[in-house]
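Below: one structure, written as structure tokens.
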Protein chains: 2
Amino acid sequence: MAVKNRNATMQDVAALAGVSMMTVSRVLADERKVRQVTQDKVQAAILQLNYKPNMSARSLASSRSRLLAFLYQNSSEGYVGQLLIGALKQCQACGYNLVVGSLDGKEEDFAKVLNGLLERNNIGGIILPPPLSDSTTVLDFLASIDIPVIKISPQKTQHGFSYVCMDESKAAFEMTEYLIKQGHTKIAFIKGPADHSGSHLRYQGFVKALEKHGLALPENYIEKGLFTYRSGFEAAEILLAQKDRPTAIFSCNDDMAAATLSVAQKCNLSVPDQLSVVGFDDAAIATSIWPPLTTVRQPILSMAEKAIDILIRQLEAKNTEADEEMPQKNVLDFDLVMRGTVLPPSAM
Amino acid sequence: MAVKNRNATMQDVAALAGVSMMTVSRVLADERKVRQVTQDKVQAAILQLNYKPNMSARSLASSRSRLLAFLYQNSSEGYVGQLLIGALKQCQACGYNLVVGSLDGKEEDFAKVLNGLLERNNIGGIILPPPLSDSTTVLDFLASIDIPVIKISPQKTQHGFSYVCMDESKAAFEMTEYLIKQGHTKIAFIKGPADHSGSHLRYQGFVKALEKHGLALPENYIEKGLFTYRSGFEAAEILLAQKDRPTAIFSCNDDMAAATLSVAQKCNLSVPDQLSVVGFDDAAIATSIWPPLTTVRQPILSMAEKAIDILIRQLEAKNTEADEEMPQKNVLDFDLVMRGTVLPPSAM
DNA sequence: ACAAATAATGATAGCGCTAACATATTGTGA
DNA sequence: TCACAATATGTTAGCGCTATCATTATTTGT
């Protein structure tokens with residue numbers, strides 16, 4: 001297919017542009033200290049030769065670590081895979097590499113495992129998805145060795161580390177408002193476990209929406225769940241056994257929403273005609289059940305990308321002794337994914 | 001914590017071992033052309049200094065591509081994330097790097113996208129998870145440029161590319177036998193789509209087990225599904241509406257098994273007391289429903305690792321002009337995961 | 001036992017890039 | 001206008017490793 005002439009080197013670019021290699025190098029990195037006309041010449045040469053810098057040579061010469069680590073636990077969740085994909089892409093785009101490390105043993109071994117990983121690989125920064133983003137053991141250790149860290153969707157925001165997350169409260173608020181605008185007034189809520197990230201925020205957003213629209217919040221419309229299918233099942237059974245049934249149920253995550261669908265079915269309630277159901281997360285289960293679940297999509301890919309961006313910025317600030325504002329907090333947008341489980345309440 | 005003395009270089013190792021750097025380099029790579037005593041000396045020095053070779057320097061000096069590409073489509077599946085994790089780990093262990101590329105556009109653009117990716121990065125080999133492992137477009141293109149490729153769980157095994165997979169037929173056979181040994185004789189089966197990898201093999205294993213144990217295979221116990229929750233739901237409804245109901249249902253994947261659980265519930269059949277259900281894949285949904293699903297676990301991580309191993313071997317064989325047996329086929333072991341949806345049939 | 005073949009090891013020269021400093025060019029105020 | 005600062009660009013010397021070939025130690029056949 002394509003003729004394989006040796007890849008262009010920086011030397012070629014420099015020659016073609018009529019400048020020294022250093023200038024090319026600066027155009028690639030600095031941007032600041034090169035005159036516009038020179039930059040243009042160089043860029044043109046780069047384009048013409050389809051020059052791509054050699055990563056190995058780069059990191060060898062600069063001896064700067066262009067290696068980040070992605071630490072995870074509970075690899076089974078699809079969530080982690082998604083994050084990983086996003087992180088990997090962004091790393092490539094920025095000329096960084098990513099190593100993955102799993103922390104699955106005992107909590108007391110974490111420090112040892114971490115130390116090994118870091119020493120072996122000369123890692124410059126760390127990206128921490130949940131639940132590690134809230135592990136005191138890990139966080140304490142990382143704080144002690146002064147390495148850039150970015151947390152994804154942490155619950156607690158102490159430790160001074162930067163993080164990215166989304167506005168869960170706002171998402172719950174908007175989803176609830178959507179239900180209200182569809183005409184629902186009897187909306188029940190299945191809470192998540194008190195200690196889980198987002199659980200409280202989601203409930204908060206729900207309550208705020210009800211208040212804004214002057215709707216009541218009967219205590220018997222609020223049930224506690226544990227984020228598991230089973231707990232959602234039990235909660236939904238209680239909710240739907242009542243005389244004055246809700247016409248919509250907002251479940252704090254998709255697993256419990258899926259369970260709610262099962263209960264509705266068992267009660268011969270058709271979804272969405274007789275009961276509307278919404279979830280949160282846009283997990284895999286949301287589209288593998290029927291009807292497909294209306295839910296809130298977390299911007300997982302963007303989170304990962306943003307996280308890498310911030311991490312790299314911190315790392316480079318650290319290298320150049322520049323002062324970077326710390327910690328960085330980044331709140332991303334979400335999407336309401338309207339699928340098949342919401343309809344206006346039927347006239348009963 | 002740890003004192004940060006400069007990382008040991010190969011020079012240090014050579015000095016300590018009393019040999020030249022070249023010898024150290026050979027110990028790290030060749031192994032063959034170095035005497036045992038020398039190897040031992042070097043290894044000892046490496047250990048003592050905790051020496052770790054510098055990847056950048058290595059690939060710069062050897063100018064050999066230590067870069068593999070992981071191409072995927074439909075990133076939404078947790079499956080891909082798992083594969084990616086496994087592949088990444090193995091790559092690191094072998095001193096390789098992995099870039100990920102998604103092929104989500106139109107089929108006719110694949111070649112262009114691929115070409116871009118490969119040219120840009122000097123990629124040495126490609127790992128292809130499903131469904132790309134069966135994409136004629138991609139396979140044809142890759143065949144045309146003569147690059148090492150490894151397919152994961154392909155349906156078709158032509159194209160001469162190596163692949164790794166598991167013995168789906170045997171897994172289905174064993175799972176069915178397990179059901180039979182529990183005392184079940186009336187076992188129904190929900191098939192997958194005819195064109196999907198594994199769908200047929202799983203059915204085949206099921207049939208073989210019935211035959212071995214002299215059990216009948218009534219036509220009304222076989223239903224067709226599409227691997228979706230909804231299709232499983234419909235299939236299960238038909239299966240369970242019959243007068244002479246099966247006491248166990250083998251569903252060709254977990255989503256449909258989950259749907260079967262829903263139908264059972266709707267029919268007031270308790271699982272596993274009155275109906276046993278098994279699935280296939282050990283997808284996320286298997287443990288997010290209640291009771292947790294007994295199913296077949298695909299060795300996804302091992303598959304990815306093995307795939308990388310084979311790919312690297314091919315690449316190195318290609319570099320050294322050595323003849324590697326082609327194509328490599330690798331069939332991995334599976335696990336039967338006994339959870340909560342199987343019990344002996346109740347005396348009715 | 002000795003030359004010839006073979007195996008093990010070493011010396012040298014980069015791989016493609018950037019850090020650090022040197023130099024050339026431009027701008028500034030008196 | 002000139003000294004001087006500020007900015008832009010070039011020069012030199014490696015980063016840590018491996019390819020290549022030269023050299024030295026070991027084996028082998030007769």
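Below, read A as the first sequence line, B as the second, and so on, with proteins coming before strands; counting in each chain starts at 1.
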Can you list everything that forms a ring-ring contact (aromatic ring centres under 6.0 Å, His included) with A/F161? Sequence neighbours excluded, please.
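With neighbours one apart ignored, the set is A/H159.
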Under 4.0 Å: is that the gap between some side-chain N or O of A/S25 and OP1 or OP2 of C/dT18?
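Result: yes.
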Holding to side chain to side chain contact (heavy atoms under 4.5 Å, CB included), I want the full list of residues that pass it with [X], two or more places apart in sequence or in another chain.
X: A/M55; result: A/R58
X: B/A57; result: A/L60, B/N54
X: A/E107; result: A/F110, A/S135, A/T137
X: A/K329; result: A/Y163, A/P327

How many Å lie between [atom1] on [X] and [atom2] on [N], as a whole number?
X: A/Q11; N: C/dC17; atom1: CD; atom2: C1'; result: 11 Å
X: A/L28; N: C/dA19; atom1: CG; atom2: P; result: 12 Å
X: B/M10; N: D/dA19; atom1: CE; atom2: P; result: 10 Å
X: A/R58; N: D/dG16; atom1: CZ; atom2: P; result: 18 Å
X: B/E316; N: D/dT18; atom1: CD; atom2: C1'; result: 14 Å

Does the protein touch nucleotides 6-15 of chain C at the base, only the backbone, or not at all? Give it as B, S and - per nucleotide, heavy atoms under 4.0 Å.
--SBBB--BB
Does B/S102 reach the main-chain N or O of B/Y72 with its side chain, forming a donor-acceptor pair under 3.5 Å?
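Side chain of B/S102 to backbone of B/Y72: no pair is present.
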